[in-house]
Each structure stands twice: as C-alpha cells, then as structure tokens.
Amino acid sequence: MEVPRGNNNMKKGFRNVFIAFGLLLTIQASGLYAETLPQYGDDMHLGVQTCSGSTCHGAIKPWQNSSVLQNEAITWKKHDHHARAFKTLGKERSQRIAKNLGIEDPQKDDTCLNCHANNVPKAKRAKNFTLSDGVTCEACHGGAEKWLGIHVSGVGGRKENIEAGQYPTEEPIARAKLCLSCHYGTKNKFLTHKIMGAGHPRLSFELDTYTATQPAHYRVDADYRQRKSWDNGVKTWAIGQAVAVEETLEALTDVKRNRQGIFPELVFFDCHACHHPMSNLRWERRDSVGLDPGIPKLNDANIVLLRVVTSVVDPELGKLIENEARALHQSSMKGGDATHDAANTLKQTLQGVVQKISSHSFTGNEMGKVLNAILEFGLHGEYVNYIAAEQATYSIGSVIEAMKDAGLLKDATIQKVKTAMDMAYEAVKYDEKYRPSDFVKAIESIKAAIEPELQLSKK
C-alpha cells in the first residue's frame with residue numbers, strides 16, 4: 001500500500017521543518033560537530049613522532065592509575081592495520097592492481113595514498129611528518145598544529161580541544177563520516193568498479209562492529225564517559241547505517257560518480273549478481289525489490305537495515321523508505337536519468353534521518369524490537385543477497401552485544417545465541433560459498449534462542 005504523500009507544497013514545507021529540526025538536534029546531540037574531515041582541514045599535520053613520546057602516548061605499557069592509557073601509539077603501531085596501510089601498497093597484489101590501472105607506483109599516487117596514508121597536501125606537512133607512516137593519529141584526530149599545546153598542557157578539556165581543531169571521533173555521526181570516507185568513499189576519493197576490476201578487494205563496513213574490532217587505544221570507563229559522550233551499540237549501529245545510506249545516495253546522485261562511459265557506475269550494484277559461477281543457481285526473488293532474473297540489483301544492504309531502524313523509530317517513515325527504495329530498484333530498468341531521479345527522491349525523504357536517529361534513545365525494550373525486526377526481515381527474504389546477509393550478521397551481533405552490556409540477556413540465553421551466531425558467521429564466511437538457505441537457518445536459530453527474552457521484555 002502506498003503511503004499518502006500530500007501535495008508538493010506540503011511535502012516541501014514538511015521537509016524544510018524536518019531539516020531545520022534535524023540541524024537543531026545535531027547541535028544538541030553532538031555538541032561541537034566537526035564537518036571537515038581531518039584530511040581536508042586547514043591545520044598543519046605534525047607527524048606520529050609528536051604523539052609517540054614515552055611520556056605522551058608512546059609508553060610500552062598502560063600507566064597505572066591514569067585516566068588515559070598512554071600506550072596508544074604502541075597499540076596502533078603493533079596491532080592496528082591502519083599503521084601498515086602504506087606498506088600494503090608495496091606488496092605484489094598492490095603492484096599488480098596499480099599496473100592494471102596504469103599507475104607506475106602506488107606509493108606515490110594519490111588514488112592509492114588518499115586512503116592508504118594520511119595524504120594531506122604537502123603544504124600541511126610539518127618537518128617530522130612522514131607519509132610512509134600510513135593512516136596515522138592525525139588522519140583520524142585532525143592536524144595537531146593548534147590543539148597540541150592545550151592537549152599536552154591540560155589547560156583545556158574536550159570542548160577546548162575540539163574548538164582548536166581536534167576531530168570528535170567519539171561522536172558516532174562524525175566517526176561514521178570519517179570511517180566511510182575510505183571504507184566507502186567521498187566526492188574526493190571513491191572506490192570505483194574500475195579499481196575493483198583491477199583487483200582491489202571489495203570493501204565492507206559496519207560502524208559498531210568495526211569500532212569494536214579496532215584495537216582499542218582507549219578505555220570506556222567512568223572518567224571517559226565524564227569527558228566524552230558514548231552511546232550504546234544499537235544507536236552507534238543505527239547511525240552507521242543511516243550515514244552509509246546518506247553517502248550512497250550522495251554518490252548515486254553525483255553525475256561525476258554515477259557513470260562509467262556507456263555503463264552505469266557498477267560499484268553501486270550487488271557484486272554477486274554477476275560475479276559467481278554460472279553453475280551456481282543462487283538467484284532468488286525478493287518481493288520488496290520486484291526485479292526479474294538477469295537484472296543486476298543495486299546494493300541496498302544499508303537501505304534494508306535502515307528500514308529496520310525506522311520500523312522501530314518511525315514506522316511511517318520506514319514504510320515510505322520501503323516504497324521509494326522499491327521505486328529506485330525499478331528505475332534501474334528505465335535508465336540512468338530515472339535512477340538518478342529516484343535516488344534523489346529517496347535522498348530528499350531521508351534529509352534529517354541521521355539526526356532523528358541520533359536523538360533517539362534506544363531503551364532495553366527497543367533494543368529487543370530492533371533485534372526482532374532484523375530477524376523478521378531475514379525470515380521474509382530480505383537477506384538473500386550475500387552483502388545484505390553479511391551486513392545483517394554484523395548488525396545482529398552489534399545489537400546482541402548491546403543487550404548483553406545492558407544486562408538484558410541471561411547467561412543461558414547468551415550461550416545459545418553464541419552458538420546460533422556462529423552459524424550465521426559461518427554462513428557468510430566465504431562469499432562464493434554463500435547459500436541463502438543456510439543463512440535463514442541461522443536466523444531461525446538466533447530467533448529461537450532469543451525469543452523467550454524478547455517476550456519477557458514486552459511485559
């Protein structure tokens with residue numbers, strides 16, 4: 001059933017109010033929110049050496065009785081893949097990709113360096129700055145030229161550091177935009193199908209999961225919570241999904257990014273619609289998409305999960321997203337202009353949705369509703385595609401971890417859920433071996449394990 005949209009003037013008026021309200025919520029929920037990513041800021045980048053002194057963040061072991069671990073640089077250097085991102089460009093696979101793209105040296109080319117290093121303009125590189133250090137402290141926390149002094153001296157708090165140019169990575173919206181700038185792309189750097197065709201691996205990302213698996217160089221204790229904001233995993237996950245959709249639609253409506261000669265930019269499509277053995281008859285109909293066999297489907301994994309979020313936060317908006325997402329899929333059969341227009345319609349509908357989710361409190365009862373919605377979407381065939389199943393697995397894991405942290409799950413239930421989650425992770429472990437029926441069995445097992453707790457939460 002189509003949701004009534006009203007006349008154009010009413011729609012424009014509603015959207016204007018929603019956008020203004022969203023901006024207000026951004027200020028209230030996120031405090032001093034930095035819109036400029038560290039790579040494009042005005043401040044000088046001083047280099048890793050500035051942060052990694054033994055009396056600063058370069059201690060071998062965490063300091064005792066300290067609110068800050070002080071061994072952050074060592075954790076990054078030894079355990080974080082970001083520290084090895086530049087070196088990756090020197091490996092055989094990277095050299096082969098570069099050759100396929102006509103790039104002479106990937107360690108000197110901006111196409112590669114923009115995500116494999118802290119590739120700020122040369123005018124913004126101080127004396128001790130070294131590009132070969134990879135994705136460094138300042139790549140995430142911002143050029144330290146102005147904030148280093150007050151940071152070291154301790155004369156200011158978090159607010160003063162951010163005002164001086166430090167990037168607020170603890171804020172989920174800011175962190176999502178920062179991470180997705182490489183794990184998805186922006187107008188300045190974008191992983192195209194051409195680059196993937198040359199051999200670059202497919203990128204995947206889910207904000208809460210990737211935050212949790214990132215080698216931790218901070219401790220979320222009472223002191224941390226007093227100095228910085230920190231949201232539960234469900235809100236972080238939900239914001240990540242919304243920002244990912246926002247970035248996808250921004251790219252789809254960017255005429256410089258949505259064409260590749262006579263072809264559409266194929267990176268927007270589900271990889272496995274085309275890339276699988278012809279003998280693997282894996283296609284299944286998805287009613288919410290309505291496309292026939294043989295038609296490549298846009299990768300809508302994040303849109304599906306955003307529908308899950310809005311089905312709890314704002315059911316009417318969730319239904320509207322469903323209708324407009326279906327129209328977007330249908331438009332791909334009508335041509336590039338129709339796809340652009342449908343993407344733009346959905347983009348306008350979602351103006352302010354990130355802020356709407358950011359301002360929402362996901363209570364224990366709502367955590368259960370979100371988890372149940374994710375599972376129900378799976379049982380209704382929304383994750384027949386591998387990328388959607390992978391994203392759903394991350395999502396289920398994030399919500400369950402948040403429920404555990406909130407004390408909403410009993411020990412016996414946790415063990416049952418762990419066994420069922422292992423089935424889900426196994427089902428999406430290898431994309432070429434993925435079978436939707438195996439994933440549905442995992443979903444059924446998770447639902448059976450968690451359902452008694454969900455019923456109790458309703459009482």
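Model, not experiment: these values are computed from the prediction.
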Shortest non-hydrogen separation from [X] to [Y] and the atoms involved:
X: Leu252; Y: Leu328; answer: CD1-CD2, 4.4 Å
X: Pro38; Y: Leu178; answer: CD-CD1, 3.8 Å
X: Lys189; Y: Cys182; answer: NZ-SG, 3.4 Å
X: Tyr425; Y: Gly397; answer: OH-CA, 4.2 Å
X: Ala373; Y: Ser311; answer: CB-OG, 3.9 Å
X: Ala85; Y: Val135; answer: CB-CG2, 3.9 Å

Does [atom1] belonging to [X] count more than 12 external heavy atoms closer than 6.0 Å?
X: His79; atom1: NE2; answer: yes
X: Lys416; atom1: NZ; answer: no
X: Lys441; atom1: NZ; answer: no

Could you check if a side-chain atom of [X] sits within less than 4.5 angstrom of a side-chain atom of [Y], using non-hydrogen atoms only?
X: Leu37; Y: Tyr167; answer: yes
X: Leu298; Y: Phe269; answer: yes
X: Leu306; Y: Ile357; answer: yes
X: Phe86; Y: Leu113; answer: yes
X: His340; Y: Thr253; answer: yes
X: Glu324; Y: Gln348; answer: no
X: Cys271; Y: Met196; answer: yes
X: Pro296; Y: Cys274; answer: yes

Could you tell me the separation between the [atom1] atom of [X] and the [atom2] atom of [Y], rounded to the nearest 0.5 Å?
X: Leu305; Y: Glu206; atom1: CG; atom2: CD; value: 8.0 Å
X: Asp133; Y: Asn118; atom1: CG; atom2: CG; value: 9.5 Å
X: Leu266; Y: Asn299; atom1: CG; atom2: CG; value: 12.5 Å
X: Thr393; Y: Tyr383; atom1: OG1; atom2: OH; value: 9.5 Å
X: Asn100; Y: Lys194; atom1: CG; atom2: NZ; value: 11.0 Å
X: Gln95; Y: Lys91; atom1: CD; atom2: NZ; value: 12.0 Å

Could you check Arg326 against Glu322 for salt bridge (Lys or Arg N to Asp or Glu O under 4.0 Å), going step by step and ending with a plain yes or no?
-> CA-CA 6 Å; Arg326 181 184 176 88; Glu322 179 183 353; over 6 Å; no

Evaluate salt bridge (Lys or Arg N to Asp or Glu O under 4.0 Å) for Arg257 paired with Glu250, printing each intermediate quantity in order.
-> CA-CA 10 Å; Arg257 284 190 278 171; Glu250 187 67 30; 5.2 Å; no

Counting N and O atoms only, with roles assigned by atom type, does the side chain of [X] sit under 3.5 Å from a partner on the main chain of [Y], one being a donor and the other an acceptor?
X: Glu265; Y: Val267; result: yes
X: Gln330; Y: Val289; result: yes
X: Glu138; Y: Gly47; result: yes
X: Thr130; Y: Ser132; result: no
X: Arg175; Y: Thr169; result: yes
X: Asn385; Y: Ile387; result: no
X: Thr192; Y: Ile195; result: yes
X: Lys235; Y: His360; result: yes

Going by atom types alone, do [X] and [Y] pair a side-chain donor with an acceptor below 3.5 Å?
X: Asp110; Y: Asn119; result: yes
X: Glu382; Y: Ser288; result: yes
X: Thr363; Y: Asn365; result: no
X: Gln241; Y: Asn302; result: yes
X: Thr209; Y: Ser398; result: yes

Evaluate the criterion side chain to side chain contact (heavy atoms under 4.5 Å, CB included) for residue pair Phe205 and Tyr184; output intermediate values, then yes/no.
-> CA-CA 8 Å; Phe205 181 78; Tyr184 182 77; over 6 Å; no

Mutual orientation of the aromatic rings belonging to Phe190 and Phe268 [parallel < 30°, tilted 30-60°, perpendicular > 60°] | tilted

Derivation of the salt bridge (Lys or Arg N to Asp or Glu O under 4.0 Å) call for Lys187 and Asp254 | CA-CA 8 Å; Lys187 63 181 180 181; Asp254 184 346; over 6 Å; no

For the pair Glu366 and Val234, evaluate side chain to side chain contact (heavy atoms under 4.5 Å, CB included) and give the outcome as yes or no after the intermediate values.
-> CA-CA 9 Å; Glu366 285 194 328; Val234 176; over 6 Å; no

For the residue pair Tyr210 and His183, is the inter-centroid distance of their aromatic rings smaller than 6.0 Å?
-> yes

Does a salt bridge link Arg202 with Glu390, judged by any charged N lying under 4.0 Å from a carboxylate O?
-> yes

Steps toward side chain to side chain contact (heavy atoms under 4.5 Å, CB included) verdict (Arg96, Arg93) | CA-CA 5 Å; Arg96 177 162 50 86; Arg93 179 173 183 172; 3.9 Å; yes

Assess whether side chain to side chain contact (heavy atoms under 4.5 Å, CB included) is satisfied between Val353 and Val309, documenting all intermediate values.
-> CA-CA 10 Å; Val353 74; Val309 178; over 6 Å; no

For Arg286 and Asp300, run salt bridge (Lys or Arg N to Asp or Glu O under 4.0 Å): C-alpha distance rounded to whole Å, both residues' side-chain angles, the deciding distance at 0.1 Å, then the answer.
-> CA-CA 12 Å; Arg286 251 185 72 194; Asp300 68 340; 2.9 Å; yes

